[in-house]
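For this chain, numbers begin at 1 and follow the sequence in order.
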Amino acid sequence: MSFPLLTVTAAVPAVGAILTAAVPAARRTAAKWLALLVSLATLALAAVVFVRFEPGGERYQLTESHSWIKDFGVRYELGVDGIGVALIALTALLIPFIILAGWHDADPLETSSKRWRPTQGFFALILMVEAMVILSFEATDVFLFYILFEAMLIPMYFLIGGFGDRAHAGSDENAAAQRSYAAVKFLLYNLVGGLIMLAAVIGLYVVAGNFSLTEIAEARANGSLEMATSTERWLFLGFFFAFAVKAPLWPLHTWLPNAMGEATAPVSVLITAVVDKVGTFAMLRFCLGLFPEASKWATPAIIVLALISIVYGALLAVGQRDIKRLVAYASISHFGFIILGIFAMTTQGQSGATLYMVNHGISTAALMLVAGFLISRRGSRLIADYGGVQKVAPVLAGTFLIGGLATLSLPGLAPFVSEFLVLVGTYVRYPVAGVIATTGIVLAALYTLILYQRTMTGPVKEEVRELPDLRVRELAVVVPLIAVLIFLGVFPKPLTDVVNPAVQHTMSDVQQKDPQPEVEAAK
């Protein structure tokens, strides 16, 4: 039997989480280093997966298949396409930086309620989330994916509710209540979406007789599986609703600003740069792959919702007074671009959407982690509490600016390539939608530059006069992320070579071809 590379890639962080949690309470530093080493080992395995994947080969590669629940046809079935490989690489790349950035976020802290933060649990939960996310990008059995889709909510709930941001203006009790509210809201929203998806998963089994994504696709292709139009549409809606909550798509987005606002900066990155990508990934793999006709039927409505997300999220970002909530609303706008690219049903749009998932993860990580370093120094998330930071901490201000410029998709940085492809791919099929979506670019420039101007420029406020610049550990987090942003901004070919064949398969699933440009005949 060939080496189970995909299983091992997900098992290493899972086992690492258990070992980290078992480290004695007095050995906090050892737990941190163990978690970091495990995340680096996972990154090395993800690199092997990326290298071994052959873009011109079979659609699903490095496959594994074992019987799991035989009576119900459930299998432990794994395989990766180009989209899954790119997102596994993103996840494995970000987790070491998340761990480094959160190095002191769960250190023991005696509050007025005499509580202590379990350091080992914090890092163990991060590794457990990584394991579940990686495995969800690998799963080709619908039921296995559903289990992972729901299970990752548990560690995320504790990371949000149990390890909240220390930068609160109110009392300890008020801060704890806000964290609890954000965590419960996150859990309830996603659980409701998951329960609706469960009904759709059961319905799919009744119709198809199994949960294997590859077998169902083959049955549809050869005509042995017939699905009534109304049945396909209802099943599509069940899946899409759950993924739209996770993504998040307007109007199912309201849990995200609360969760990102109350979580620590590294956990906020884990939410929006890693976990939320499972929702948009699943739209490509399951919604378009399993329900192609229903996907085309729902496309007009989904494009409208995506456009609302783009404009609405950006407008609310402009008016935010809280740094972290501003980044959260900006992410809602960016997810609107991703979903717009997916349902534009063009090669450029879907390639851009996949690249956007990767590039948004890196750019948001860079911006949010630097913002977290800034907030931890001042002890406040409010934009009004800052001013003139670039004069006392120029390196912090410079990296913050690059993260912000990446967020507004400045040419030369990675998000520009993906946003440009999404807009082009949308315009060639839906010109009006493409034009409306471009307003998101203008608004992104507005909220990014306003944020930088109000926090970094102007007179130096007395409260920030003694702020230290970035330390070595913090530079080790930020500099590599900026380097990746620049590299993929000028040379995205390593990603596009992997992603494009998978996009062609998805386009074939929905039986769509790119619109041909209209050329006037020569007179």
Side-chain angles (χ1 to χ4, degrees), residues 10 14 68-69 72 74-77 84 87 91 125 128-161 180-208 211-213 216 233-256 258-260 263 267 270-272 274-291 294-295 298 302 305 332 335 338-339 342:
W68 182 20
I69 308 175
F72 294 98
V74 179
R75 301 185 64 82
Y76 175 79
E77 194 171 79
L87 293 175
T91 302
L125 290 170
M128 188 57 67
V129 171
E130 179 182 24
M132 292 180 181
V133 170
I134 288 175
L135 203 54
S136 68
F137 292 142
E138 300 171 345
T140 55
D141 183 277
V142 178
F143 190 81
L144 173 62
F145 174 83
Y146 170 76
I147 294 296
L148 297 165
F149 186 82
E150 290 292 271
M152 69 180 69
L153 301 179
I154 299 171
M156 287 306 308
Y157 169 79
F158 289 108
L159 283 169
I160 297 168
S180 177
Y181 172 78
V184 170
K185 189 173 184 179
F186 162 82
L187 189 64
L188 289 179
Y189 267 66
N190 284 274
L191 278 179
V192 170
L195 288 173
I196 293 175
M197 180 182 169
L198 177 59
V201 169
I202 295 171
L204 178 65
Y205 177 76
V206 171
V207 174
F211 294 107
S212 173
L213 180 66
I216 294 173
R233 290 177 179 179
W234 280 112
L235 294 179
F236 167 86
L237 290 174
F239 277 79
F240 180 80
F241 183 86
F243 303 152
V245 172
K246 183 84 79 178
L249 178 68
W250 183 92
L252 307 171
H253 67 285
T254 59
W255 62 268
L256 183 65
N258 294 104
M260 289 184 65
V267 172
L270 189 65
I271 295 169
T272 190
V274 177
V275 173
D276 287 354
K277 298 301 186 297
V278 176
T280 47
F281 163 80
M283 290 179 188
L284 279 165
R285 174 168 283 191
F286 296 101
C287 286
L288 272 62
L290 293 173
F291 315 110
S295 297
I302 294 172
L305 295 178
I332 291 170
F335 275 104
I338 295 171
I339 295 170
I342 291 172

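Val129 and Val275 make their closest contact through CG1-CG2, 3.7 Å (heavy atoms, listed as atom of the first residue, atom of the second, distance). Cys287 approaches Phe243 most closely through the heavy-atom pair SG-CD1, 3.6 Å. Of all heavy-atom pairs between Glu150 and Asn190, the closest is OE2-O, 3.8 Å. Smallest separation of non-hydrogen atoms from Thr272 and Lys277: O-NZ, 2.8 Å. The shortest heavy-atom contact between Met283 and Ala247 is CE-CB, 4.2 Å. Nearest heavy-atom pair, Ala200 versus Gly238, reported as atom, atom and distance to 0.1 Å: CB-CA, 3.9 Å.
Ring geometry, Phe240 versus Phe236: the interplanar angle falls under 30°, so the pair is classed parallel (tilted spans 30 to 60°).
Contact annotation: the side chain of Leu256 approaches that of Asp276 to within less than 4.5 Å [non-hydrogen atoms, C-beta and beyond].
Among Val278, Thr91, Leu144, the single residue meeting the side chain to side chain contact (heavy atoms under 4.5 Å, CB included) criterion with Ser136 is Val278. Tested against Met156, the residues Val274, Leu125, Leu187, Val267 include a single side chain to side chain contact (heavy atoms under 4.5 Å, CB included) partner, Val267.
The 12-atom threshold is not exceeded at CH2 of Trp234, counting heavy atoms of other residues, nucleotides or ligands nearer than 6.0 Å. Heavy atoms from other residues, nucleotides or ligands lying under 6.0 Å from OH of Tyr205 number more than 12.
Ring centers of Phe291 and Phe239: under 6.0 Å apart, within the cut-off. With ring centers used as reference points, Trp255 lies under 6.0 Å from Phe186.
Formation of a donor-acceptor pair under 3.5 Å by the Arg285 side chain with backbone atoms of Ala139 is found in this model.
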